[in-house]
Each structure stands twice: as C-alpha cells, then as structure tokens.
Amino acid sequence: MIETQTTYYKTPIGIAKITGDENGIQSVIVLDETKVSQNDLDADTPEILKYCVTQLEEYFKGERASFDLTVNPKGTYFQKKVWKSLLNIPFGKTRSYLEQSKVLGDAKAIRAVAAANSKNPLWIIIPCHRIIGSDGSLTGYAGGIWRKKWLLNHESPNKQQSLF
C-alpha cells in the first residue's frame, strides 16, 4: 500500500496542509494557525512533498504564476472534470460560475459546478479562487472570502493598495 505523506507550510493566508504520495499531490488546504501545532510546523518535509512546498513558496513570493506538479486529487469524475477546467483560467484572470458552466458545456449546471468547486482539495494549485459571481462579487470560497480576496489581489497585475 502507498503511504500518504503530510507536511505543513506557513503561508501569508494561513498554514497549508499538504498531503500526497508517489502518485501525486492529493490535497493542499489552508488552516488557521491555531489548528496546527508547532511540532507539525517544525517537522521535516517528506521528500515527496518538497517540490510542492518550493512551488508554493515561489507563488507567494510572486515568482510563480502556474504550478508544475503531479496532482492526484480524490473526487468524482464530474468533480475532476470541473477542477481540470479551472486550470485553464490564466493567472490574474477570473471567470464567473456561469462562464465556467458554459465552458463545461452546460450553462444549467451552474449549481453542480459551484458545488464541485467547493470540494476542490487543491487550493491555489487548482485555482478555484479565480471563480467569481456573474456580478463580479467574491462569493463561495471554502477558505473564506478574505483569503479569496487576498489571492486575487496577489495575482492581479494592478495590485490594490490600501489607503489606510
């Protein structure tokens, strides 16, 4: 049996919990810092996950716009189809849930597409944060709207500056 490995990596938006095995990265989820022990943060990163950590570091430093990783998320055929479509949204761009549904061939599947996006286990790597409401609103992000806003601003060519 293939053993799943886990590591934790501190990001500007929380602690990334990364899991994977020799078949690829299975999940990257972001947790609040209070949910992770210092021992977990200090543990050595398993060899199989080091490349993922390196690419996330580059992303957060603004040095990487796309990921070159073998991924192996767990999900249904439909979920995987939806997640794969997210990979076609360019860095710094967004798409509405309706546009994503149309790309997948069925504008009426908008709720099913949104539900599949919400189950995306590979945050940031499969960029579900790039999906917004048709009216431009930042809706529906499992990690919290503030993280979605942060990620979109991080990827924006016109970074929004705070006046205060």
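Since the structure is predicted, the reported quantities are computational estimates derived from the model, not experimental observations.
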Gap separating the NZ atom of K148 from the SG atom of C128, nearest 0.5 angstrom:
7.5 Å

Would you give the length of the straight line joining atom CG of D21 to atom OG1 of T6, rounded to the nearest 0.5 angstrom?
10.5 Å

Does a side-chain N-to-carboxylate-O contact under 4.0 Å join K61 and E58?
no

Return the OG to CG distance between S27 and N72, rounded to the nearest 0.5 Å.
10.5 Å

Start with the C-alpha distance between V53 and T7, add both sets of side-chain angles, then the distance that settles side chain to side chain contact (heavy atoms under 4.5 Å, CB included), and finish with yes or no.
CA-CA 9 Å; V53 169; T7 195; 3.9 Å; yes

Answer yes or no: are there more than 12 heavy-atom neighbours, outside K80 itself, under 6.0 Å from its atom NZ?
yes

Residue pair Y97 / T139: nearest heavy atoms and the distance that separates them:
OH-O, 3.2 Å

Over all heavy atoms of both residues, which pair between T4 and Q26 is shortest? Give the atoms and the distance, please.
CG2-OE1, 3.4 Å

With sequence neighbours left out, the residues meeting side-chain hydrogen bond (donor to acceptor under 3.5 Å, both in side chains) with T34 are none

Would you compute the distance between atom CD of E3 and atom CD1 of I48 and round it to the nearest 0.5 angstrom?
10.0 Å

Interatomic distance, K93 atom NZ to I132 atom CD1 [nearest 0.5 angstrom]:
12.0 Å

Counting only heavy atoms from other residues, nucleotides and ligands, does the tally under 6.0 Å from CG of D42 exceed 12?
yes

Among I18, T45, L41, the one residue meeting side-chain contact (heavy atoms from CB on, under 4.5 Å) with Y8
L41

Assess the pair W123 and Y141: is the distance between their ring centroids shorter than 6.0 Å?
yes

Are the charged groups of D44 and K50 less than 4.0 angstrom apart, N to O?
no

Listed once per pair and sorted, the salt bridge (Lys or Arg N to Asp or Glu O under 4.0 Å) pairs that draw on residues 133-145, sequence neighbours left out:
none

Can you give me the closest heavy-atom contact between F78 and A112, atom names plus distance?
CE2-O, 3.5 Å

Same cluster (ILVMFWY, side-chain, under 4.5 Å), L69 and I29:
no

Are any non-hydrogen side-chain atoms of I89 and I131 less than 4.5 angstrom apart?
yes

Check step by step if side chain to side chain contact (heavy atoms under 4.5 Å, CB included) holds for E155 and H129.
CA-CA 11 Å; E155 294 183 3; H129 60 276; 2.8 Å; yes

Are the side chains of T11 and L56 in touch, meaning some heavy atoms are under 4.5 Å apart?
no

For a quick check under 3.5 Å, do Q55 and Y59 share a side-chain donor-acceptor pair by atom type?
no

Does the pair K10/E33 count as a salt bridge with the N-to-O cut at 4.0 Å?
yes

pair L49-I25: side-chain heavy atoms closer than 4.5 Å:
yes

Joint hydrophobic cluster, I15 plus Y9, side-chain heavy atoms closer than 4.5 Å
no

Run I126 and L87 through side chain to side chain contact (heavy atoms under 4.5 Å, CB included) and show every step you take.
CA-CA 6 Å; I126 296 179; L87 296 171; 4.0 Å; yes

Starting from I124, can I reach V36 by hopping between I/L/V/M/F/W/Y residues whose side chains sit under 4.5 Å apart?
no

Report the residues that fulfil side-chain contact (heavy atoms from CB on, under 4.5 Å) with S134, sequence neighbours left out, ordered by chain and then residue number.
S96, L98

Which heavy-atom pair separates Q100 from L86 by the least distance, and what is that distance?
NE2-CD2, 3.2 Å

Taking atom CG of D32 and atom CD1 of I13, what is their separation to the nearest 0.5 Å?
10.5 Å

Same cluster or not: W83 versus F91, using hydrophobic residues (I, L, V, M, F, W, Y) connected whenever any side-chain heavy atoms lie under 4.5 Å apart?
yes

Could you go through the side chain to side chain contact (heavy atoms under 4.5 Å, CB included) check for V103 and R95 one step at a time?
CA-CA 10 Å; V103 163; R95 181 180 290 160; 4.1 Å; yes

Find out if a path of hydrophobic residues (ILVMFWY) with successive side-chain heavy-atom gaps under 4.5 Å connects V30 to F67.
yes

Would you find more than 12 non-hydrogen atoms of other residues, nucleotides or ligands less than 6.0 Å from E63 atom CD?
yes

